[in-house]
Each structure stands twice: as structure tokens, then as C-alpha cells.
Peer 1: 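Structure in C-alpha cells, see below.
In what follows, chains carry the letters A, B, and so on, assigned in the order in which the sequence lines appear, proteins first and then strands, with residues in each chain numbered from 1.
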Number of protein chains: 2
Amino acid sequence: MDEAIQWINKYPAISDSGEVLLEDAAARVLAEPFVSPTDAPPFDMTARDGYALRSAETVGAGSYNPLPFCIQNSCLPLSPHSAALVLFGMPLPQGADAVAPFDLVHAGEDNIDLLGTIAQGDGVTFQGQETSEGTTLIDISRPLRPADLGLLASFGVERVRVVRRPRVRLILAGRKTSGTCKLTDANGPMLRAAVARDGGVIEASEYGVTTRTAIADLISRPGADVVIVCGRTGAGPDDEAPLALGIAGTLSIHGIALQPGGSTGMGSVEDVPVILLPGNPLDCLCAYDLFAGQLIRRLGGRSSQLPYGLQHATVGRRIVSSIGNLELCRVRLVEGKVVPLGTANSGGLVSAARADGFVLVPAPLEGYAPGAPVAVYLYDEACGLDGIGI
Amino acid sequence: MDEAIQWINKYPAISDSGEVLLEDAAARVLAEPFVSPTDAPPFDMTARDGYALRSAETVGAGSYNPLPFCIQNSCLPLSPHSAALVLFGMPLPQGADAVAPFDLVHAGEDNIDLLGTIAQGDGVTFQGQETSEGTTLIDISRPLRPADLGLLASFGVERVRVVRRPRVRLILAGRKTSGTCKLTDANGPMLRAAVARDGGVIEASEYGVTTRTAIADLISRPGADVVIVCGRTGAGPDDEAPLALGIAGTLSIHGIALQPGGSTGMGSVEDVPVILLPGNPLDCLCAYDLFAGQLIRRLGGRSSQLPYGLQHATVGRRIVSSIGNLELCRVRLVEGKVVPLGTANSGGLVSAARADGFVLVPAPLEGYAPGAPVAVYLYDEACGLDGIGI
């Protein structure tokens, strides 16, 4: 496992980048950090709707002592004892240093009566108060969030430079039939959706590639940033994938102390990483998540992370594991307690569909007893609002 | 806040649904639960590559006592003292009850020598072992995961019925200019990305709609499942949105004990919910997340959840809040400790871009002291692999 993680971590993000329109940039990763091109706000700005005025002139105002101000145009420098109607986000009129909110004002035709004292800076965001020119505002290594797009737009940015999406070639080295039986392909739909989720694009998806030379040929064809071969990774007579990678390039790792997913392999053809995923769909899912998905996210400029939330909880029913392998056990959260859905290798994709997430049991452990604290990786990222104390 | 949450929760999922191809179903929500149409596996199935045989005939086999088996065709019922080469996922040959792995076998031309005893059921998944016909395998109320697509494909499913995406009309009631200054629109790009993330589709996005009648007209036009009006929600002279909603339909809630986002409003035109979001981008973001996003997710068949992971941590630097409002404070995690980025109302979208997430401070509290345990809602959903004990 350590070796496999190190193997993944040696690949840097793709150095290619391209410009996209801001409206197409959601969840893309910036090629370079976004640095504030100006102070924000770029000028002393109104932070509320109301009347801009001089705070010093408001001293003593109250509901029993309304103070009058002349209404004037907000584009002109403020005259003495005058106030200008302003809306959020406007430049503060020259001479003003505060904005009185409407609820402290009785407005007439040409005058207002102010019903309270306004402190200096109240209702104002001063130039550079949010950030100063040259400050890094959006880091690389994370997908752009909706609020990031808003921030970029607020600086007038219309296009951003983002890391090119990694091109993923998918070689499904399974059989299409078994005797007279047509076999279903679970891995193709699963992997294509996972690659898209992790920010990759499918460069090609080839199904029913079974011979060593055909696999080797597809592995070595140029054009992909990463090649995934799914199936035929074991030690049986038709397990051609490791041999094919050996012909096309280098097989660096084959066999990982992981269950499910132990027959995973890794290597490369020139600079292109190649990952061999097991054909058993559950093994394929687990090995994809821990290795291929990580790699695709790295190549796409994201940090090496699982696309899952993490929740700490205690074990409700014993999680059984065997010593010597990292085991990925699908679990449900039942009344806040972690309950395994069978063992690491049981249940197929059914166990993944019925699970809330999974627990990783380290190789030296035989599992977890009831009451043990564990970290649950959650398949669905959202979290409830139930817990907020409103 | 309670009233606003209740108002959202009264809206059920859209009852319309449509069929989509499995390959287009990622992250969509099923219109009805997926119930296993058969046992899984539908027959006694090989669970590894190897040799299918009768376990009773393997008793006593060992490396010092190899037992011979005749190799036979895997399509025929198993003859006595015979073994059939099988690959993962095939029907188990009639008569066999186990599959010996290759590493316990010396294979010859017509015979194998078995080097160990094989237990009954070893290397086999029996009919119905993963699930039995009629069991609910995929619930409604959650987006389909990559593994779900694999599971559906394994049952031969090619199309699934999903909840129609909610159609969201976006009315940006801001000004395009301020005097001679062209104003930037941060809310439009932010909200369009957020709506897409939450599973909605933009039905229309209208910018620069400022008058009461124009807003009212757009609110009441049919065709949307939810209408969002952004801007002009306050109490100032140009805050036409609440008045426009009052003309077009009913304004049910206006003003919420929330910071940022207090000027949010809610109502409806006939059965269509209408949410008024503040025009200040930070207020808009917070109110969108807590109300509009929740509603869109509900209408789209998802459970009412924030699209953010949750992490429990302790406060590293005092979080200051005022009593009386639920406050949403953007925070960073610094060496595992929660550090606020200013106060709830400060920093604009800069604070959101620079934050790892936010903490909700309940209305009765004045904030959190250093060392207090809090829940952090994480803007980026992924979690590191650092913590796994591999």
C-alpha cells in the first residue's frame, strides 16, 4: 500500500492549461492561484443602502433630537450637513465616512431627519478592507466553488486559466460472453461516472479487449494522460493485463495488500501511468477509489484526496477483518453507530449501494470491536442540517 | 430561522420523472427505489478464477499429498474427481461446490494436482447471497453514485426513471450601472454554478430587472419550479422585490434572524415557491446555501442537506458573534484548529474563497471561546488520505 500511494504521489499535475469562460469554470482547477488584482473594495464603498454622511455631524442625534441634513447628489463631494442617498456597493461620496441605515432616518423631499448617532465607518467598507492588491485569494489544488466564480466576476474576470482535464483511456479487458451467456459490463458505467466525478474525461473506452497483444497495443497508443485497464489482473491463465503492460512498458507494482482490490497493478508506458484494476466490480470500485481516482485527481491539479466526506463514529457491531491487508469494509450508520455490511470481500456492488460509506481497517488489525472509534468515509458528501442549533 | 426551515420542508420533491440512459444517470435521483429484480447472483456463481470441484473430494490434499483431478469442460455437470477451469462470474458447474485458486493447483494438460484442502463454498457466491429478489438496493433521496450505475448495469438495466431536475428562474434585480460605473454581477455566476451543483437547471436568468412591475411580471410567469429573486430585498426605497412578490403572489416570510443573509424573504405564486435573496454577494451566498439550495435539492428529490462535509474540531481563536442571530462565520482549519476569518458579516466573498468552510453560531450564543468543540461545514467535500493507518 505505501509503495502504491508513493507511486501515485510521484505524478504531478498536468502542466497543460487552457482558458475557459467563467461560466464554464465551476469545479475546474485554476492553473495558477488567483491573486487580487486590486484592493477590494477598490475604493471606500458603501456597505449598506442608506444615507452617506459625516459621522462627526451626527453626534447628539436621537429620536428626541432629530438632526436635519440636506439631501444631495451622491456623485458630488459631500457638502456640510448634507447626506446622499446611496445603495450597497457604490463608491462612498467624497467627504462622507459613514452610511446611516434607513431605519434611523425620516426622509422628506429635500431633507432627512437623522434619529441616531452614527459611528465613523458604520455602513462603509474601506478600500482594501476585504483584501489588498497582490493577496492570493483562490488557491490552486481545489475545484472552483460557486462563491469563487462570484468573487472572480466581482473583479471583472471573464475567463480563467484552468488545468486541462486528464484524458483517461479505459480498456475493459473483460469477456462479452461466457459460453452462450451475454455478460453484463458493470465496470464500464461505474468507471466512466467515477472518472467524470474526479475531473477526468474519457479519451476512449474499449470493451471486450481480451488478448495480450490487443491490450498491449491499446496501452501503448499515444493520446492519454492515464490508462486504466480493468480486468485480467490476477494470476490465472487468462490474466493478460500485467503481461501486456510488461510488453508495452513497465509493470512496477502488481499485487497490493488491500482487500477488496488486491490484484491491482501499476506501471507506465514512457511517462504515461497505467493502472490495472481487478475485473470483479467490488474490487474494481475499491481499487479505483484508492488508486486510479486519486491519480486522476492529482493529474487534474487537485490534491490527493478521496472525494468523500469523513465522519467519526463508534462501532455498533463488530467489524471483522483479517490481518495483513488493508481492508475496505462497507458500513451503514444506524442511529449514529457504525454497522458493517458483511466482510470486506462480501456483498459485491450490492454492499456498496446499500452502504453509507466505508471504514478502512489497517493491515495489522483484526477489525474493530463495538465501541471502538472509527472514521467513516461517506459515499454521499452532503451532511444534514439536523445538528445545527438554530 | 425555524419558520424558514419549516417553510422549505413543506415542499415535496417534484412528482414529474423521466427516463434517462444509465450513462446519463450519474448524480441523478431515482424516482422510485431500485428493487432487486432477481436474486444476486441469480445462480451459484464462481467468485474467483480457478478450478471448480467438489470440496469433499479435496480432503487430505496438501503439498506433500497432491490429489489428482481430471480437467473437464465447465459447461457440463461435474464428473467424479474432476475439476473445471472457471473464471470469475460464471455459473458454478453443476455438482461443484467450491473453486480452488490457481496457487493451490499444479495444472497439467488433462489433469491438475491439488495442493490443499478446499472448504465447501470457498471461491463461490451462492445464489441470492448478495441479495434476494425484491430487496431494495438503491434508495430514493440520494444522487446515484458511480457504483450504483455499475450495480444497475449488472442487472441489465439500461434506462432508469429519475426525478426531473427542478427548473430554476433567476431574477437578478440589481443595477447594471451606478452612475457612469458599470457594476459587476457577482451573484449571477455564483448562483448559476450553485444551482447546477444542487441538481437544478436554470430555466431563465434575467439580469438588471429593477422595477416592481418587471420583477412581479417575471415572478408570476409560468414555467419554473422555483423562482429566485436576487437583490432589492432590504428595507430601502428601491427594495422592490418583497413588494413585487406581494403583488404577484404571497410574501410569507421577510427578514430572518441570520447573519449574513438577514433580508432573505420567502413566499409563493400559486404553488411555485419564490425565494428573495439579498443582493450583497456574501449575504446572497449564505442565504442561498441555507434556504434556496436546500429547496432546490428537496424539489429534485434529494434530502434537505447542505452539500458540504462536516468536520468536528476545536476553536483555535475566538469566534465572535452577536446574540440574536444565527451567524455563519467563515473559518480556516489551521493545524486542525478552527480560526475565524473576521466576523460573520465581514470580508465579503473574499472570506468565502479563503475559507475552508464555516461554523454556524446559534442565535443565543456570543460566539465560541478557544478550545470549544464546533462543527465545521467544509466547502470542499474531499477528505485527505493522511489519516488512514496504512
Peer 1: Where do A:Asp148 and B:Ala353 come nearest, in terms of heavy atoms and distance?
Peer 2: OD1-CB, 3.5 Å

Peer 1: Any chance you could measure A:Tyr308, atom OH, to B:Arg145, atom CZ, to the nearest 0.5 Å?
Peer 2: 8.5 Å

Peer 1: Of the listed residues (A:Asp239, A:Asn280, A:Asp103), which shares the most heavy-atom pairs with chain B below a 4.5 Å separation?
Peer 2: A:Asn280

Peer 1: For A:Leu151, which atoms come within 4.5 Å of any heavy atom of chain B: side chain, backbone, both, or neither?
Peer 2: both

Peer 1: List the residues meeting ring-ring contact (aromatic ring centres under 6.0 Å, His included) with B:Phe291, not counting sequence neighbours, and say none if there are none.
Peer 2: none

Peer 1: Taking all heavy atoms of B:Asp139 and all of A:Arg332, pick out the closest pair and write down the distance.
Peer 2: OD2-NH2, 4.1 Å

Peer 1: Name the region of A:Thr136, side chain, backbone, both or neither, that has any atom closer than 4.5 Å to a heavy atom of chain B.
Peer 2: backbone

Peer 1: Which of the residues A:Ala26, A:Ala194, A:Gly347 is involved in the greatest number of heavy-atom pairs with chain B at under 4.5 angstrom?
Peer 2: A:Gly347

Peer 1: What's the separation between atom NE2 in A:His312 and atom NE2 in B:His312, rounded to the nearest 0.5 Å?
Peer 2: 9.0 Å

Peer 1: How long is the straight-line distance from CE of B:Met190 back to CG of A:Leu152, given to the nearest 0.5 Å?
Peer 2: 12.0 Å

Peer 1: Can you tell me which portion of A:Leu365 sits under 4.5 Å from chain B's heavy atoms? Options are side chain, backbone, both or neither.
Peer 2: neither

Peer 1: How many angstroms lie between OG in B:Ser346 and CD in A:Gln129, if you round to the nearest 0.5 Å?
Peer 2: 8.0 Å

Peer 1: Looking only at heavy atoms and a cut-off of under 4.5 Å, which of A:Ala186, A:Pro146, A:Pro101 has the most pairs with chain B?
Peer 2: A:Pro146

Peer 1: Let's test your reading of the structure: which of B:Gly188, B:Gly150, B:Ala257 forms the most heavy-atom pairs below 4.5 Å with chain A?
Peer 2: B:Gly150

Peer 1: Distance from B:Asp49 atom CG to A:Arg232 atom CZ, nearest 0.5 Å?
Peer 2: 9.0 Å

Peer 1: Identify the heavy atoms of B:Ala147 and A:Leu349 that sit nearest to each other, and give their distance.
Peer 2: O-CD1, 3.8 Å

Peer 1: Rounded to the nearest 0.5 Å, what separates atom OG1 in B:Thr131 from atom CZ in A:Arg354?
Peer 2: 5.5 Å

Peer 1: Looking only at heavy atoms, which two atoms of A:Leu149 and B:Ala193 are closest? And how far apart?
Peer 2: CD1-CB, 3.6 Å

Peer 1: Please flag which part of B:Leu137 lies under 4.5 Å from any non-hydrogen atom of chain A: side chain, backbone, both or neither.
Peer 2: both

Peer 1: Which heavy atom of A:Arg142 sits nearest to which heavy atom of B:Asp380, and what is that distance?
Peer 2: CD-OD2, 3.2 Å

